[in-house]
There are 2 protein chains.
Amino acid sequence: MNTPNRDPDIEKLVLELRRGVITLAILGQLSGEQYGYSLIQLLAEKGLQVEQGTIYPLLRRLEDQGLLQSDWRIEDSRPRRYYVISPRGKELLPELKSEWSALVQAMERML
Amino acid sequence: MNTPNRDPDIEKLVLELRRGVITLAILGQLSGEQYGYSLIQLLAEKGLQVEQGTIYPLLRRLEDQGLLQSDWRIEDSRPRRYYVISPRGKELLPELKSEWSALVQAMERML
DNA sequence: CATTATACTGTGTATCACACAGTATTGTCA
DNA sequence: TGACAATACTGTGTGATACACAGTATAATG
């Protein structure tokens, strides 16, 4: 993975760009249930590449912070930990969204 | 400073959102010369609050990385360190911009 | 002449994305 | 059937970095 053949300077900057956004993306997508692996694929589909080593710890962290809920379930075959946004998360999401669009607008004024 | 009376959880998340963007904003604004203090005000005008403790180290770091150039000058009264984008920075900026809009678009699909 | 605004230099800390390593199960297809 | 890829997770370590906090010093303003 890791978008090859690209200037490593750019790579680092882009990584920092993406950084904060990942949490917002996850909260936005977890109105419906997802487990880690499916979430990675979902985000990739929408154009956001995120590593396993990023997603899994992040999901646990967000659950610790009370923004997500999870339960460990054995459907189908493999056991999977399913995550959904929590009430607290639902409460914060719109505010985060509006902060995001404020940021996007500020950037539009600057670029 | 520090946008008062706001949920500290949100504050932390917004901070992470803003994080990577600051570099992009600075590069975008330094087509014209600025010194640290004036840059802070310029960004604030456009809607991006950044602390002194963020800007000054960041400017030095970006110069170390070769994205900015500076010279120390005594105009008017006080001595000031003036920064401009470097050739290298000019080279990377468009690529960073397009990564940014890709990110914005991905977010639009998700929110 | 005291206070505020200007303008900078540090040091320290917490957060966090990702690298890397490891485990185990379930297809798939030759 | 047996190797290999895909699926699905846990865990540790590292590097980057925004901001807090502290300090210095000059200029403008009342």
Nearest-neighbour nucleotide for the [X] side chain, [options] considered:
X	options	value
A/Glu16	C/dT15, D/dT17, D/dT7	D/dT17
B/Trp72	D/dA16, D/dA18, C/dT9	C/dT9
B/Tyr37	C/dA17, D/dA18, C/dA5	C/dA5

*Could I get the full list of side chain to side chain donor-acceptor pair (under 3.5 Å) partners for A/Gln29, not counting sequence neighbours?*
none
*side chain to side chain donor-acceptor pair (under 3.5 Å) with B/Gln34: which residues, sequence neighbours excluded?*
B/Ser38
To the nearest Å, how far apart are [X] [atom1] and [N] [atom2]?
X	N	atom1	atom2	result
A/Ile40	D/dT7	CD1	P	11 Å
B/Leu43	D/dA18	CG	P	13 Å
B/Glu11	C/dT15	CD	C1'	15 Å
A/Leu15	C/dC18	CG	C1'	7 Å
B/Ile74	D/dA25	CD1	P	16 Å
B/Lys12	C/dA14	NZ	P	12 Å
A/Leu17	D/dT17	CG	C1'	14 Å
B/Leu39	D/dA18	CG	P	13 Å

*asked:* On DNA chain D, compare the nucleotides closest to B/Thr23 and A/Gln41; which residue's is nearer the 5' end?
replied: A/Gln41
_Nearest-nucleotide comparison on DNA chain D, the residue closer to the 5′ end among A/Leu13 and A/Tyr83_ = A/Tyr83
Heavy-atom side-chain contact between [X] and [Y] under 4.5 Å:
X	Y	result
B/Lys12	A/Gln65	yes
B/Leu59	B/Leu30	yes
B/Tyr83	B/Gln69	no

_Restricting to side-chain contact (heavy atoms from CB on, under 4.5 Å), what partner residues turn up for A/Thr54, sequence neighbours left out?_
A/Ile22, A/Val50, A/Glu51
*Mind checking side-chain contact (heavy atoms from CB on, under 4.5 Å) for A/Thr23 and listing every partner two or more places apart, or none if nothing turns up?*
A/Leu27, A/Leu58, A/Leu62, B/Leu13
Distance-only donor-acceptor pairs under 3.5 Å for side chains of residues 84-94 of chain A, two or more places apart:
unit_1, atom_1, unit_2, atom_2, d
A/Ser86, OG, A/Gly66, O, 2.6
A/Ser86, OG, A/Leu67, O, 3.1
A/Ser86, OG, A/Arg88, N, 3.4
A/Ser86, OG, A/Gly89, N, 3.0
A/Arg88, NH1, A/Glu91, OE2, 3.2
A/Arg88, NH2, B/Asp7, OD1, 3.2
A/Arg88, NH2, B/Asp7, OD2, 2.8
A/Arg88, NH2, B/Asp9, OD2, 3.2

Show the atom names and distances, to 0.1 Å, of all donor-acceptor pairs under 3.5 Å that link a side chain in residues 104-111 of chain A to residues at least two apart or in another chain.
unit_1, atom_1, unit_2, atom_2, d
A/Arg109, NE, B/Lys46, O, 3.1
A/Arg109, NH2, B/Lys46, O, 2.9

*Donor-acceptor pair under 3.5 Å, A/Arg19 side chain vs C/dT15 base*: yes
*If you take atom types as modelled and just measure distance, does the side chain of A/Gln52 reach the base of C/dC18 with a donor-acceptor pair under 3.5 Å?*
no
Kindly give the atom pairs (protein nitrogen or oxygen, nucleotide nitrogen or oxygen) under 3.5 Å for nucleotides 26-29 of chain C.
unit_1, atom_1, unit_2, atom_2, d
C/dT26, O4', A/Arg78, NH2, 3.1

_Residue-level proximity of residues 25-36 of chain A to DNA chain D when a heavy atom falls under 4.0 Å_ = A/Tyr35, A/Gly36
*asked:* Below 4.0 angstrom, which residues in residues 56-70 of chain B have at least one non-hydrogen atom near DNA chain C?
replied: B/Tyr56, B/Arg60
*Please identify each residue that fulfils salt bridge (Lys or Arg N to Asp or Glu O under 4.0 Å) with A/Arg73, with sequence neighbours left out.*
A/Glu33, A/Asp71, A/Glu75
*asked:* Applying ring-ring contact (aromatic ring centres under 6.0 Å, His included) as the test, list every pair that has at least one member in residues 8-27 of chain A; sequence neighbours left out.
replied: none
_Sequence neighbours excluded, every pair satisfying ring-ring contact (aromatic ring centres under 6.0 Å, His included) that has a member inside residues 34-78 of chain B_ = B/Tyr35-B/Tyr82
